[in-house]
Amino acid sequence: MAHIPLRLRLDGDALVSNWRWLKQQSGAAACGAAVKADGYGLGAKEIVRRLAEAGCRDFFVATWAEAEALAPWSDGLSLSVLHGVAADDIEVPRWARPVLNTPEQAWRWRGRGPCDAMVDTGINRLGLSAEDVAAGMLDGLEIRTLMSHLASADEDVAANERQRAAFAGIAAEVAAERRSLANSAGLCLGPDYAFELTRPGLALYGGIPRREAEGNVRQVVHVEAQVVQRRRIEAGGGVGYNSTFVAEDACELAILNIGYADGYLRGFSGAGRARAAGGAWLPVVGRVSMDLTAVRVDAAPRVREGDWLELDYALPAAAAQSGLSQYELLTTLGSRFARRWC
């Protein structure tokens, strides 16, 4: 098997610890898990397995293809498909439920068994309107979970309470077994937002959606890359495309086997950092290219070709360095990484 010079070290204990804290924040409500986009890029099958063993029973994906990929691991679990059911999906298997978002989807699914439904309360993305509900679009459906989605739960804005109140009002008119509003950030807004089911995503994987999660959510993803070459440049030497870094003095570089093709994007140019085995932080210098990134290693004289360095990928810090959202940082990690759960 070919050697892979990139790896994601994925902390399974941290994943479960994060879910348990989110479950605690959910109070009496059940706590599910959003595992769309292949578990935010980390591997949905392993995430479902670990969280199911911890007690999680409700999982959410975006499409039927994602649901199909999880079929062998979904026995006894609740699996909801957030994008609903298109005309081409109408013969979907019954081990997952569509989340109905439009009047057309509601008519399409009528008489076909249990489903979930999404109502829009202000994000203007997916969901039936309050007027659709009042017109009876959901009447007669076997709705397991009625959902809505918060637009600005990561901020302290009046819109959060408006959406909560609107959802509670709509839900009072719909026959559904459970109600669900809160994502990771919504969970931090307090018990009024939990209803009967919460569905966190980002915080499961180490993201900090709001300050309340600081100190409670642990890092799950550790990005590691191998050194391709160690080299010395003299004063005045430029590094990378367009020489965006020019050495003022002679310095030592390690060229890492990682770049924007792997999801380590150009926003980290001159802003990211890596850590050597001894703990020294090594700054990224020059422009991140497709497959390679340079770090300055004067503080780590023992770093050699073939050594592994860990990129600083604690999500809040990496977001500040790169200008990317914590969601983007997770979901852009590429297929060239070996993913190893520990």
Side-chain angles (χ1 to χ4, degrees), residues 1-11 14 41 206-208 218-340 342:
M1 182 176 179
H3 172 68
I4 301 174
L6 287 169
R7 63 193 183 199
L8 298 182
R9 182 165 48 85
L10 302 169
D11 189 332
I208 305 297
R218 293 166 51 187
Q219 184 174 352
V220 173
V221 184
H222 299 266
V223 177
E224 299 175 336
Q226 211 165 15
V227 176
V228 182
Q229 182 181 14
R230 180 175 178 129
R231 62 183 307 127
R232 177 184 174 87
I233 61 171
E234 301 301 327
V239 177
Y241 288 117
N242 306 114
S243 296
T244 57
F245 172 82
V246 177
E248 295 182 358
D249 304 295
C251 64
E252 297 284 325
L253 303 178
I255 311 302
L256 303 184
N257 210 317
I258 190 171
Y260 58 76
D262 308 298
Y264 196 72
L265 302 181
R266 281 193 167 190
F268 286 104
S269 301
R273 60 181 187 169
R275 183 165 55 193
W281 285 108
L282 312 170
V284 171
V285 294
R287 183 166 287 160
V288 173
S289 57
M290 184 180 292
D291 313 293
L292 299 169
T293 297
V295 295
R296 187 166 178 168
V297 293
D298 304 86
R302 296 185 179 181
V303 168
R304 294 289 183 269
E305 180 180 328
D307 287 351
W308 289 88
L309 300 183
E310 180 179 351
L311 282 299
D312 185 6
Y313 223 74
L315 293 177
Q321 292 167 15
S322 65
L324 301 169
S325 75
Q326 296 178 67
Y327 299 88
E328 291 171 286
L329 290 169
L330 286 171
T331 57
T332 56
L333 293 170
S335 61
R336 293 196 292 189
F337 287 96
R339 286 160 167 79
R340 299 179 179 177
C342 56

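Nothing fancy with the numbering, it's 1 onward along the sequence. Given the structure is predicted, the values throughout are model-derived calculations rather than measurements.
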Ion pair present between [X] and [Y], side-chain N to carboxylate O less than 4.0 angstrom?
X: Glu252; Y: Arg296; result: no
X: Arg336; Y: Asp291; result: yes
X: Glu310; Y: Arg9; result: yes

[atom2] on [Y] to [atom1] on [X], rounded to 0.5 Å:
X: Ile4; Y: Asn257; atom1: CD1; atom2: CG; answer: 11.0 Å
X: Leu8; Y: Leu333; atom1: CG; atom2: CG; answer: 5.5 Å
X: Leu329; Y: Leu265; atom1: CG; atom2: CG; answer: 7.5 Å
X: Ile233; Y: Cys251; atom1: CD1; atom2: SG; answer: 4.0 Å
X: Leu253; Y: Arg230; atom1: CG; atom2: CZ; answer: 9.0 Å
X: Arg266; Y: Arg287; atom1: CZ; atom2: CZ; answer: 5.0 Å

Handout entry: Considering all heavy atoms, the nearest Tyr241-Ser289 contact
Key =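 Closest approach of Tyr241 to Ser289, heavy atoms only: CE1-CB, 3.8 Å.
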
Under 4.5 Å between any side-chain heavy atoms of [X] and [Y], yes or no?
X: Phe337; Y: Glu224; value: no
X: Leu311; Y: Tyr264; value: yes
X: Val295; Y: Pro283; value: no
X: Leu315; Y: Ile208; value: no

Problem - Between Gln219 and Asp11: side-chain donor-acceptor atoms closer than 3.5 Å - result: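 Looking only at side-chain atoms, Asp11 and Gln219 do not form any donor-acceptor pair under 3.5 Å.
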
Practice task
Please check if the side chain of Ser325 supplies one atom and the backbone of Glu328 the other of a donor-acceptor pair under 3.5 Å.
Solution key: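 The answer is yes, because a donor-acceptor pair under 3.5 Å joins these two groups.
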
Exercise for the section: Check Leu292, Leu309, Val228, Val223 against Ile258 for a side chain to side chain contact (heavy atoms under 4.5 Å, CB included) and give me the one that passes. Expected result: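 By the side chain to side chain contact (heavy atoms under 4.5 Å, CB included) criterion, Ile258 pairs with just one of Leu292, Leu309, Val228, Val223: Val223.
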
